[in-house]
Structure formats: C-alpha cells, structure tokens
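Taking it in order: structure first as structure tokens, then the write-up.
Below, chain A is the first sequence line, B the second, and so on; all start at residue 1.
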Number of protein chains: 2
Amino acid sequence: MSEGKRDTDSATGQSPDGLLPRLLETISSGHFAPGQRISESELARQLGVSRGPIREALGRLEGRVVERRPNLGVRLIEMDREKLEELFRVREALEGMAARLAAENSTNTDLQRLTGLLEQHERVIQGDAQGGYLQGIGDEDFHVSIVSASGCGTLKRILMDEVYFQLRLHRRRSGTQPGRARAALSEHRAIVDALYARNPERAEIAMREHLRSARFSALGALEE
Amino acid sequence: MSEGKRDTDSATGQSPDGLLPRLLETISSGHFAPGQRISESELARQLGVSRGPIREALGRLEGRVVERRPNLGVRLIEMDREKLEELFRVREALEGMAARLAAENSTNTDLQRLTGLLEQHERVIQGDAQGGYLQGIGDEDFHVSIVSASGCGTLKRILMDEVYFQLRLHRRRSGTQPGRARAALSEHRAIVDALYARNPERAEIAMREHLRSARFSALGALEE
DNA sequence: AATTACATTACTGTCAACAGTTTTGAGAAA
DNA sequence: TTTCTCAAAACTGTTGACAGTAATGTAATT
C-alpha cells in the first residue's frame, strides 16, 4: 500500500476509540431501512455507550452516510440512480488525477503490489478463486493502492471518506453485471501498463475510461 | 447561483443552529496559532455554550480544518506548501469535471450570471472597483457558480466542504501574486467561452489550465 | 364510522458533573 | 543554578439528567 508519506490511515474518523467502525457496521448491517429514522438512544443502547459519543460519530457521517434534520434526527441517505452516477463522476475526476500522479510518484514496491493484485484478479476469473480477491473487495484494493501510490494524502482522504465509503454501503444491496470482472481486468492492465511506462497522460485517460465503464455497469445493474 | 436541483446549501455542516459558522469565525480570526492546542472549554466559554455542541462541531471539522489526537485535543491544521499543492491538485480534478458537466447542463441563467461576474472582474482590474468583486471573494464566486451550474450536488458539496473551505482559511494569511488578477480574467473568459459553445472537452481543459496557473501563483506567493 | 382535539409519549438538543489522562509548577536534591 | 520528583491543576472523554419539540394514541364530536 505504498509507504510514502504518513498516510493518516484516513477512513471517516479515526479519533478516539473504535466506535465509528462499530457504528457503521451496525448501521449498514441492514437493521435500518434506507429512509427510516435512526434513533440515537437505540444506537446507544445497542452499542453500549451513552448518547454523547453516538451524536459525535453521527455528526461525522453527516452529509455522507446520514442526513440530519433539526429536531427530527438522522436518516440513512438513500442511494438513488442520480446519486450513484454523481459518485462515479467524482471518482472519475479524482482517481484520474490519482493515476496521473501515481505515474509520476509511485515506487517500485507500489508497482509490484499492483502487479500482484492483477494476478489475484486473474485467478479469480479463471475459476480457482483460492481466496483474497473477492469481487468488490479486491477491486477496491486495486483502486486504493493506486490512490496511495499517488502520494497525495488529501486526494486519498477525500476518496476514502466521501466516495469509497458510500459505494461500499451501496454494494451491500446491489450485485454486479455478469461479464464485468473480465472487462475490468483488462482495463486494470491498461492502467498498470501506463504506470510502468511512467506516462501520466495515458494513466489518467486509462483510469477515466475504466471508471466510465464501471459507471455504466453499476447503473445498468441498478435496474434489475 | 443556478437554480438547478436542490442544492443542500452545503457548507460544512448545516445541522442544528448557526453554531458552526460562529465557531469557524472564532477559530479563523487568528486568535489561535496554526499548530497550537485549542481548548474546548475556552471555545465553549467564548461562544457561550456548553462543551457538548463544541465537541460535535469540532468533530465535524476533523481532518479538514482541525486535527484531533486522543486525549490531547484538537489543533488547527497548518497549511504548508505540500498541503496547498495537494488542494490545488484536487481542485483541478474536481473543477475540471465540473466545467465539463456545466458545458452539458448549465442553463441560460447560469451563463448570464457568469458573464456578469466576468464584467465585474474586468471593472476591478480597470481600477473603478465600485464594489462586489473583491479579489478572492469574487474569484470564489466565479468558481462556485460553475460548480453549481454543473448540476452535480455531490461535486459541489465535496468542493465546498473540503477544498474552498481550507483555501479560504489560507487566504487570510497569504496575499496574491501581482499580475494574477489580469491573467485570471482571460483564463476565466476562455472557460466561459467553452461553456457557451457547449464544448465539454474544451471547458474541462480550460478549467484545468486555469487552475494549474492558479496553483503556480499560489505556491509562488507562499515564499515571500 | 370518520374526524378532530388533546394529552401522553418519545426523542433531540443541551448542560453540568465525574473519571482518567496529560500538563504544569513547586520543592527537594545534586 | 540546574535537574529530578511528585503533587496540583487543567483538560479530554463520557455519563446521566433536564428542557423543548415532534410524533402517537385516545377520547370526544360530527
């Protein structure tokens, strides 16, 4: 995962203890319907803490995962077609830049790691999915690795906090298009090729094309 | 400012009352040095509320404006050369996409507004700064208008919360390069031209070039 | 039976107080 | 005078309680 910079392990909130991850797990476990009110007391009881920390954690998720309205509490943001498309547009912009920077800044270790992920991906497609590269998880690993290799902490933080996060929540409810994994692999290869060639322009273009395809696929999978 | 979509007025937090703006005003007034510890009790006293709401508000600023370390409290994030460069890279990516989308989606009202801002900008340069377009503020207006005209709420929210916000904080301490306003004007014109032509590709390129120049200017102004 | 008015309930926003940790500062030793 | 020790002070993290507001359910009326 690159060892450049200090990589504040990002992820929406790393403050005091590990409450936020548990809260997210609880929220996204499906206990709560997409538009339904989420009771702070309920969460507090369920996680065994007082309402104070819960309120802080929810506040940190505001706008991203949760919507708060005065005196009415918070509700899970619902992921409609429009929001999903917007997320992919933001991804295209940010990860395109990440690929560009990675072509300039990535270390050899970064590139080796990416090659390894490509091989895992290939094994999954050829059936002997001996582990690791679960579709979705593995794909995210690939993209996170590139973003890390870009050496731009701000870019990474925003992508983690704002984009990947919501997409992960969405993936829980939605499947993937059938032949997608195979197409994705060759697109991933094109990106890594450009990185090895140290060609920023080509890396950015390859990444943006890849994410445009991913957008179409995700939107297509939405109408099942 | 465009009237497309619902434009959750964005800006880092709009939850309960207007505490967050006041807190920001207090923080960024210069009372606190960039790396210095910020006392919650102190802020609470100064703003006339209890520590609870202060903690929530600070949590919402975590990672953007403020850095929190367990049991040690929060500190103003300091804007060094690297962070400033990263912010402009993110801007280039996101606003490039915004310009592209604006070329496709902007309404006539949006375009008229942009033309108006260009004229204000011109008047400022020609000396009779009769009001409105203060350098910095006016420039931000221009960019926010384009982002709004893109019709992409997510893009707008991220730019507002993550990017403009920190840049505004930085502008308080740093000046601008001398001839910058004039160069910026012609770059702005190129962008608006592309929007009128409904040419997404050209709009994105123009915006990215503009922000690359702005990056050089800002970094140059940093070593005074 | 359907509808409106009203009292009860539940929940959010806020506060003051407590426990644990870090920092500060005074006093003793070198 | 400088350095080390240790107790006091300050601050963060968390809790339970209180005030005000929205939702709920019951009873009376049409």
Per [X] side chain, nearest of listed nucleotides [options]:
X     : options                : value
A/E40 : C/dT21, D/dC11, C/dG13 : C/dG13
A/L72 : D/dA22, D/dT12, D/dT14 : D/dA22
B/R37 : C/dC11, C/dT14, D/dC11 : D/dC11

Between the side chains of B/S150 and B/K156, is a donor N or O closer than 3.5 angstrom to an acceptor N or O?
->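 Note: B/S150 and B/K156 side chains miss the donor-acceptor criterion.
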Sidechain-backbone polar pair: A/S148 side chain, A/V144 backbone, donor-acceptor under 3.5 Å |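 Here the side-chain-to-backbone pair exists.
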Without decimals, in angstroms, what is the distance between [X] [atom1] and [N] [atom2]?
X     : N      : atom1 : atom2 : answer
A/N71 : C/dT14 : CG    : C1'   : 12 Å
A/I38 : C/dA10 : CD1   : P     : 20 Å
A/E56 : C/dT14 : CD    : C1'   : 14 Å

Distances under 3.5 Å between nitrogen or oxygen atoms of protein and nucleotides 15-18 of chain D:
from	atom 1	to	atom 2	distance (Å)
D/dT15	OP2	A/S50	N	2.7

Out of B/E86, B/E162, B/R89, which residue meets the side chain to side chain donor-acceptor pair (under 3.5 Å) rule with A/T154?
->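 In the set B/E86, B/E162, B/R89, the residue that makes a side chain to side chain donor-acceptor pair (under 3.5 Å) with A/T154 is B/E86.
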Would you check, one step at a time, whether the test side-chain contact (heavy atoms from CB on, under 4.5 Å) holds for A/R208 with B/M97?
-> CA-CA 11 Å; A/R208 287 184 68 159; B/M97 176 61 77; 3.7 Å; yes
Begin with the C-alpha distance, continue with both residues' side-chain angles, and end with the deciding distance and a verdict on side-chain hydrogen bond (donor to acceptor under 3.5 Å, both in side chains) for A/T115 and A/E119.
-> CA-CA 6 Å; A/T115 305; A/E119 287 163 3; over 6 Å; no
Identified ring pair (Phe, Tyr, Trp, His ring centres under 6.0 Å) partner of B/F142 from the options B/H188, B/H121, B/H210 |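 That would be B/H188.
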Report yes if at least one side-chain N or O of B/R55 is closer than 4.0 Å to OP1 or OP2 of D/dG13; otherwise report no.
->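 Answer yes for this pair, as a side-chain N or O of B/R55 is under 4.0 Å from OP1 or OP2.
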Using a cut-off of 4.0 Å on non-hydrogen atoms, how would the nucleic acid contact of A/L58 be classed: base, sugar-phosphate, or nothing?
->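 Counting heavy atoms under 4.0 Å across all strands, no contact is made by A/L58.
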